[in-house]
**Q** 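Before anything else, here's the structure in question.
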Amino acid sequence: MELKPTIFEFTSYKVEPDKKKIFFNYTVKFKNTPDISFTETIILPKAPDFKRIPEELFNKILQNLHLALGVSYYKLHCATKFKVNYLLSEEEADFWNVFYKKGLGEFLFRNKLDPQIVPDFAFRKGKKSQPFRVERNRRFLVGVGGGKDSIVSVELLKKYGADFSLIYTET
C-alpha cells in the first residue's frame, strides 16, 4: 500500500529547564494509514535562566526553532499541506516558504521531485510581525547536527577566539 501523506503538523513544543531540554513535536497525517509522530530534542549546554527572557520573545524563538527543525521530518514523507498551531504574519509565512523551498532544493533535485510539491505556509491576514530588539553580547550558539556545517562553524569561531556554546539534538 502506497502511503499518502496529507498534512505535516508542527504539533507542539515544550521546555524542561530542569532537564536542560526542549522538545519539538511533529505529526504526519496520512489518508490511508495511522499518523506518525516525531520529537526533536534539543539538549542545552547548561540550564539558562529563561525568566530573564521576555515571554513573548521566548515563545517566538521557540516557534521559529520549531519551524526550522521541522524540515528534516517534513522530507521523510513530503505531505501536501502544513499545519502550524500558531499564527504567522504574511511576512513570516513568506520567509518560511522560501526557507523550505530553497532549503529542500538539493533534496528535491536528487530525488527527482517537483519543487511544487512543497506546500505553502498559511498566514493570518492583517497579522503584523513583531520585531524584538535583543542586546548583543558577542556570544554564539552553534547547532551541531553531525554535518560539515557544524564543524566548519566551530573551527571558524575557534580561529577568531569567539565565545560560543554547542547545542545538539538527541535522537
Side-chain angles (χ1 to χ4, degrees), residues 1-44 47-48 50 53 55-130 132 141-147 149-150 166-171:
M1 172 171 51
E2 183 183 344
L3 293 176
K4 297 189 188 242
T6 57
I7 297 172
F8 181 80
E9 181 177 0
F10 299 83
T11 316
S12 63
Y13 56 84
K14 180 174 96 174
V15 178
E16 291 186 4
D18 54 318
K19 294 181 181 177
K20 301 185 290 188
K21 293 184 178 183
I22 305 173
F23 302 93
F24 297 92
N25 302 302
Y26 307 90
T27 299
V28 179
K29 297 180 184 289
F30 296 89
K31 186 180 280 186
N32 54 352
T33 190
D35 300 349
I36 299 175
S37 294
F38 306 95
T39 299
E40 178 90 17
T41 304
I42 299 289
I43 301 169
L44 303 167
F50 293 122
I53 304 170
E55 186 177 352
E56 193 175 347
L57 172 60
F58 187 55
N59 284 326
K60 193 50 131 175
I61 290 168
L62 292 175
Q63 289 170 5
N64 284 307
L65 268 172
H66 195 202
L67 294 172
L69 295 171
V71 74
S72 295
Y73 299 100
Y74 167 76
K75 68 184 180 182
L76 293 172
H77 294 286
C78 299
T80 57
K81 182 179 177 188
F82 288 132
K83 181 180 178 191
V84 179
N85 292 320
Y86 30 88
L87 302 176
L88 299 176
S89 69
E90 184 172 8
E91 180 181 30
E92 292 165 332
D94 287 345
F95 172 84
W96 290 111
N97 288 331
V98 170
F99 181 91
Y100 268 69
K101 287 179 171 118
K102 299 283 186 183
L104 290 167
E106 181 181 2
F107 166 78
L108 296 167
F109 177 78
R110 286 187 182 270
N111 291 286
K112 297 178 176 62
L113 299 171
D114 181 355
Q116 297 303 312
I117 67 165
V118 180
D120 285 330
F121 283 85
F123 61 91
R124 169 66 60 88
K125 225 176 183 149
K127 181 173 182 332
K128 300 290 181 202
S129 296
Q130 179 73 29
F132 291 95
L141 187 61
V142 179
V144 177
D149 295 343
S150 304
L166 303 177
I167 187 171
Y168 61 94
T169 60
E170 181 177 79
T171 53

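Sequential numbering from 1 along the given sequence is applied to the chain's residues.
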**Q** State, with a plain yes or no, whether a side-chain heavy atom of Ile36 is found less than 4.5 Å away from one of Phe30.
**A**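 Yes, their side chains come closer than 4.5 Å.
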**Q** Would you indicate whether the side-chain heavy atoms of Tyr74 and Val118 approach each other to under 4.5 Å?
**A**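 Yes. Closest side-chain heavy atoms under 4.5 Å.
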**Q** Check for a donor-acceptor pair, side chain of Tyr26 on one end and backbone N or O of His66 on the other, with a separation under 3.5 Å.
**A**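 Present.
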**Q** Take Phe95 and Ser129 through the test side chain to side chain contact (heavy atoms under 4.5 Å, CB included) and record every step on the way to the result.
**A** CA-CA 11 Å; Phe95 172 84; Ser129 296; over 6 Å; no
**Q** NZ/Lys20 to CG/Leu44 distance, rounded to the nearest 0.5 angstrom?
**A**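 Rounded to the nearest 0.5 Å, the NZ-CG separation comes out at 8.5 Å.
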**Q** Sub-3.5 Å donor-acceptor pair from the side chain of Asn85 to the main-chain atoms of Thr11, do we have one?
**A**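 At least one qualifying donor-acceptor pair exists.
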**Q** How many angstroms lie between CH2 in Trp96 and CG in Asn64, if you round to the nearest 0.5 Å?
**A**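 Result: 5.0 Å between the selected atoms.
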**Q** Contact between Asp120 and Lys101 at the side-chain level, heavy atoms closer than 4.5 Å - yes or no?
**A**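 Yes, at least one pair of side-chain atoms sits under 4.5 Å.
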**Q** Look at the side chain of Asn32 and the backbone N and O of Leu3, then say whether any donor-acceptor pair between them is shorter than 3.5 Å.
**A**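 Checked: no pair found.
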**Q** Counting C-beta onward and ignoring hydrogens, is there a side-chain heavy-atom pair between Ile42 and Leu65 closer than 4.5 Å?
**A**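 No, too far: nothing below the 4.5 Å cut-off.
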**Q** Lys127: what forms a side-chain hydrogen bond (donor to acceptor under 3.5 Å, both in side chains) with it, not counting sequence neighbours?
**A**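 So Lys127 forms no side-chain hydrogen bond (donor to acceptor under 3.5 Å, both in side chains) with any residue.
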**Q** Is the distance from the ring center of Phe82 to that of Phe121 below 6.0 Å?
**A**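 When the ring centroids of Phe82 and Phe121 are compared, they turn out to be within the sub-6.0 Å range.
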**Q** Give a yes or no answer on whether the side chain of Thr6 reaches the backbone of Lys29 with a donor-acceptor pair at less than 3.5 Å.
**A**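 At least one qualifying donor-acceptor pair exists.
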**Q** Give, for atom CG of Leu104 and atom CZ of Phe99, the distance between the pair rounded to the nearest 0.5 Å.
**A**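 Going from CG on Leu104 over to CZ on Phe99, the span is 8.5 Å.
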**Q** Could you tell me which residues satisfy side-chain hydrogen bond (donor to acceptor under 3.5 Å, both in side chains) with Thr80, sequence neighbours excluded, listed by chain and number?
**A**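 For Thr80, no residue satisfies side-chain hydrogen bond (donor to acceptor under 3.5 Å, both in side chains) once neighbours in sequence are set aside.
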**Q** Apply the test side chain to side chain contact (heavy atoms under 4.5 Å, CB included) to residues Ile22 and Leu62: give CA-CA distance (whole Å), side-chain angles for both, the deciding distance (0.1 Å), then the verdict.
**A** CA-CA 9 Å; Ile22 305 173; Leu62 292 175; 3.9 Å; yes
**Q** Is there a side-chain contact between Lys83 and Lys81 (heavy atoms, below 4.5 Å)?
**A**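 Lys83 does not reach Lys81 side chain to side chain.
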**Q** Pair Val84, Phe123 - check side chain to side chain contact (heavy atoms under 4.5 Å, CB included), show working.
**A** CA-CA 10 Å; Val84 179; Phe123 61 91; over 6 Å; no
**Q** So, does Tyr73 use its side chain to make a donor-acceptor pair with the main chain of Phe38 at under 3.5 Å?
**A**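 No: the side chain of Tyr73 does not pair with the backbone of Phe38.
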**Q** When rounded to the nearest 0.5 angstrom, what distance separates CD1 in Ile7 from NZ in Lys31?
**A**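 Nearest 0.5 Å value for the CD1-NZ distance: 11.0 Å.
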**Q** Give the intermediate values and the outcome of side chain to side chain contact (heavy atoms under 4.5 Å, CB included) for residues Lys60 and Glu92.
**A** CA-CA 11 Å; Lys60 193 50 131 175; Glu92 292 165 332; 2.8 Å; yes
**Q** Does CD in Glu91 sit with more than 12 non-hydrogen atoms of other residues, nucleotides or ligands closer than 6.0 Å?
**A**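 Counting neighbours around CD of Glu91, 12 or fewer heavy atoms of other residues, nucleotides or ligands fall under 6.0 Å, so no.
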**Q** Would you name the heavy atoms of Phe107 and Lys75 that are closest together and state the gap between them?
**A**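 Between these two residues, the closest heavy atoms are CZ-O, 3.4 Å.
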**Q** Taking the side chain as C-beta and beyond, is there a heavy-atom pair between Phe23 and Glu16 under 4.5 Å?
**A**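 The answer is yes, as the side chains (C-beta and beyond) meet within the 4.5 Å cut-off.
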